[in-house]
2 protein chains.
Amino acid sequence: MLYGVTDLLKRNQLSVTDSRKKILELFMRSDGALAHADIEHHSGTEFDRVTIYRTLQTFVEKGIIHTIPTSDNSVRYALCKDECSEGHHHDDHVHFMCDGCGTTYCLDHVTVPAIALPQGFLASQTDVVISGKCDKCG
Amino acid sequence: MLYGVTDLLKRNQLSVTDSRKKILELFMRSDGALAHADIEHHSGTEFDRVTIYRTLQTFVEKGIIHTIPTSDNSVRYALCKDECSEGHHHDDHVHFMCDGCGTTYCLDHVTVPAIALPQGFLASQTDVVISGKCDKCG
DNA sequence: TAAATTTTGCAACAATGTTGCATTAGTGTA
DNA sequence: TACACTAATGCAACATTGTTGCAAAATTTA
Ligand SMILES: [Mn+2]
Ligand SMILES: [Mn+2]
Ligand SMILES: [Zn+2]
Ligand SMILES: [Zn+2]
């Protein structure tokens, strides 16, 4: 696992630092998506808030994690699959936010449908976020 | 128009105040969705920031406006259609955010498709947010 | 190992959001 | 219309979230 993290960072031409390793491990260990605040709390006082912001930004740019839009002013982040790379995300799956436990799931096997837009509108990315009760909170 | 705003507030059992009227008029005049900051700027120093927060919250609760999730920590708000009422939103249309002009559109005639979820997951709301270029920025 | 490069932590700041409370404005009634 | 009652507003104070510049520390490269 440790090796996996280091390897992933190197594959993305990122220097291997403590914070990057720890934050990446946290993503790998966690069930659902993480908000900035989650990371700040889970990693204790280990890293500066600024470092976390910059790490998340770097990971998004490199295609290591992707963002999930929300209506509550707290963007969530989750690991990308292998197909994503620098500047080219391919996360075409549906996201689910449970009203019960608060978990945000990547439903990797539920793909976002194609949606016909009005004349002149050109889509570059489609986000589908469904909220409701998850299988544990049903 | 003024009468319409007053009427809408009364229909929702809300007292008719300056800030509510002005903010509602702003929504009616504007093409796309508005963020809190837009309202704060457009209405000048007319109202306290806190009043704007509380007004938006009230309007959402009453089903007068609905929220649009984003990935940039700035929830947008737009007018609901008539079918929405207190605690019961029925905004099943797709949203479009233009990368060019920044406008967020309610595509009222593009309905969100039904999406099959894994066993045990129960949907209560589905948000579809598409980004790309609008018909003016093609 | 040493130099070059990158990342980090800190400080300072800006923006955004929340709460309690006194004052003000709006509503229903006499 | 005037009054009492109720609801909304503005203000202050605070909490949270996000950004930038820069010196110190860590990592990479040679
Ligand atoms: Mn995902
Ligand atoms: Mn809408
Ligand atoms: Zn759940
Ligand atoms: Zn546009």
Side-chain angles (χ1 to χ4, degrees), chain A residues 2-3 5-26 33-62 64-65 67-77 86 102 104, chain B residues 2-3 5-26 33-62 64-65 67-77 86 102 104:
Chain A
L2 267 177
Y3 177 75
V5 169
T6 299
D7 194 51
L8 177 54
L9 289 171
K10 285 186 177 163
R11 273 209 305 279
N12 284 280
Q13 291 105 42
L14 290 174
S15 19
V16 179
T17 65
D18 258 19
S19 44
R20 286 176 180 167
K21 282 193 287 184
K22 288 274 172 58
I23 292 175
L24 213 38
E25 283 165 25
L26 185 55
L34 299 172
H36 174 97
D38 296 324
I39 297 165
E40 200 170 334
H41 297 145
H42 275 95
S43 65
T45 50
E46 222 165 343
F47 309 113
D48 194 84
R49 281 178 343 101
V50 179
T51 300
I52 298 175
Y53 281 113
R54 291 197 271 226
T55 302
L56 290 173
Q57 190 179 301
T58 302
F59 285 177
V60 170
E61 282 163 7
K62 289 292 185 176
I64 297 173
I65 61 178
T67 59
I68 302 164
T70 71
S71 282
D72 68 347
N73 289 300
S74 75
V75 178
R76 311 292 170 88
Y77 301 85
E86 184 155 6
T104 299
Chain B
L2 268 178
Y3 177 75
V5 169
T6 300
D7 194 51
L8 178 53
L9 290 171
K10 285 188 176 162
R11 274 208 305 279
N12 284 282
Q13 289 106 41
L14 290 175
S15 24
V16 180
T17 66
D18 258 18
S19 45
R20 285 176 181 167
K21 281 194 288 184
K22 288 275 170 58
I23 292 174
L24 212 38
E25 284 166 24
L26 185 56
L34 300 171
H36 174 97
D38 296 324
I39 297 166
E40 200 170 332
H41 296 144
H42 276 94
S43 65
T45 50
E46 223 165 342
F47 308 114
D48 195 84
R49 281 179 342 103
V50 179
T51 300
I52 297 175
Y53 281 114
R54 290 196 271 227
T55 301
L56 290 173
Q57 191 179 301
T58 303
F59 285 177
V60 169
E61 283 163 6
K62 288 293 186 176
I64 297 173
I65 61 177
T67 59
I68 303 165
T70 71
S71 282
D72 67 349
N73 287 302
S74 75
V75 178
R76 310 293 169 89
Y77 301 86
E86 186 155 5
T104 300

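Chain A is the first sequence line, chain B the second, and so forth, proteins listed ahead of strands; every chain is numbered from 1. Nothing here was measured: the structure is a model prediction, and the numbers come from that model.
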Handout entry: Residues which pass salt bridge (charged side-chain N to carboxylate O under 4.0 Å, His left out) with B:Asp18, listed by chain and number, not counting sequence neighbours
Key = none

Completion exercise
Note: for B:Val75 and B:Val16 on DNA chain C, the residue whose nearest nucleotide lies more 5' is B:Val75

Problem - DNA chain C: 5'-proximal contact among B:Gln57 and A:Thr51 (nearest heavy atom) - result: A:Thr51

Quick check on [N]: is either OP1 or OP2 less than 4.0 Å from any side-chain nitrogen or oxygen of [X]?
| X | N | answer |
| --- | --- | --- |
| B:Thr17 | D:dT9 | yes |
| B:Arg20 | D:dA8 | yes |
| A:Ser15 | D:dA26 | no |
| B:Asn73 | D:dT17 | no |

To the nearest Å, how far apart are [X] [atom1] and [N] [atom2]?
| X | N | atom1 | atom2 | value |
| --- | --- | --- | --- | --- |
| A:Asp18 | D:dT28 | CG | P | 11 Å |
| A:Asn12 | C:dT6 | CG | P | 16 Å |
| A:Tyr53 | C:dG9 | OH | C1' | 15 Å |
| A:Asp72 | C:dT18 | CG | C1' | 15 Å |
| B:Lys21 | C:dA25 | NZ | P | 14 Å |
| A:His36 | C:dA15 | NE2 | C1' | 15 Å |
| B:Tyr77 | C:dG17 | OH | C1' | 10 Å |
| B:Gln13 | C:dG26 | CD | C1' | 16 Å |

Exercise for the section: Scan A:Ser19 against the nucleic acid and name what it touches under 4.0 Å (heavy atoms): base, sugar-phosphate only, or nothing. Expected result: sugar-phosphate

Exercise for the section: Would you confirm whether A:Arg20, through its side chain, and A:Thr55, through its main-chain N or O, come within 3.5 Å as a donor-acceptor pair? Expected result: no

Handout entry: Exam field: side chain B:Asp48 to backbone B:Val50, donor-acceptor pair closer than 3.5 Å
Key = yes

If you look at every heavy atom in [X] and [Y], which pair is closest and at what distance?
| X | Y | result |
| --- | --- | --- |
| B:Thr51 | B:Ser19 | CG2-OG, 3.7 Å |
| A:Ser71 | B:Thr67 | OG-OG1, 3.4 Å |
| B:Val75 | B:Thr70 | N-OG1, 4.2 Å |

Completion exercise
Axis-to-axis angle across the helix from C:dT1-D:dA30 to C:dA30-D:dT1, five pairs each end, nearest 10 degrees, ~ 40°

Exercise for the section: Would you indicate which nucleotide in D:dT9, C:dG9, D:dT17 comes nearest to any side-chain atom of B:Arg54? Expected result: D:dT9

Handout entry: Of the listed nucleotides D:dT17, D:dG10, C:dG17, the one nearest the side chain of A:Arg49
Key = D:dT17

Practice task
Tell me which of A:Lys10 and B:Thr55 sits closer to the 5' end of DNA chain D, going by the nucleotide each one is nearest to.
Solution key: B:Thr55

Exercise for the section: Only counting residues at least two apart or in another chain, list the ones meeting side-chain hydrogen bond (donor to acceptor under 3.5 Å, both in side chains) with A:Arg76. Expected result: A:Ser74, A:Thr104

Exercise for the section: Take A:Lys21 and A:Leu24 through the side chain to side chain contact (heavy atoms under 4.5 Å, CB included) test and state the conclusion after the steps. Expected result: CA-CA 5 Å; A:Lys21 282 193 287 184; A:Leu24 213 38; 5.9 Å; no

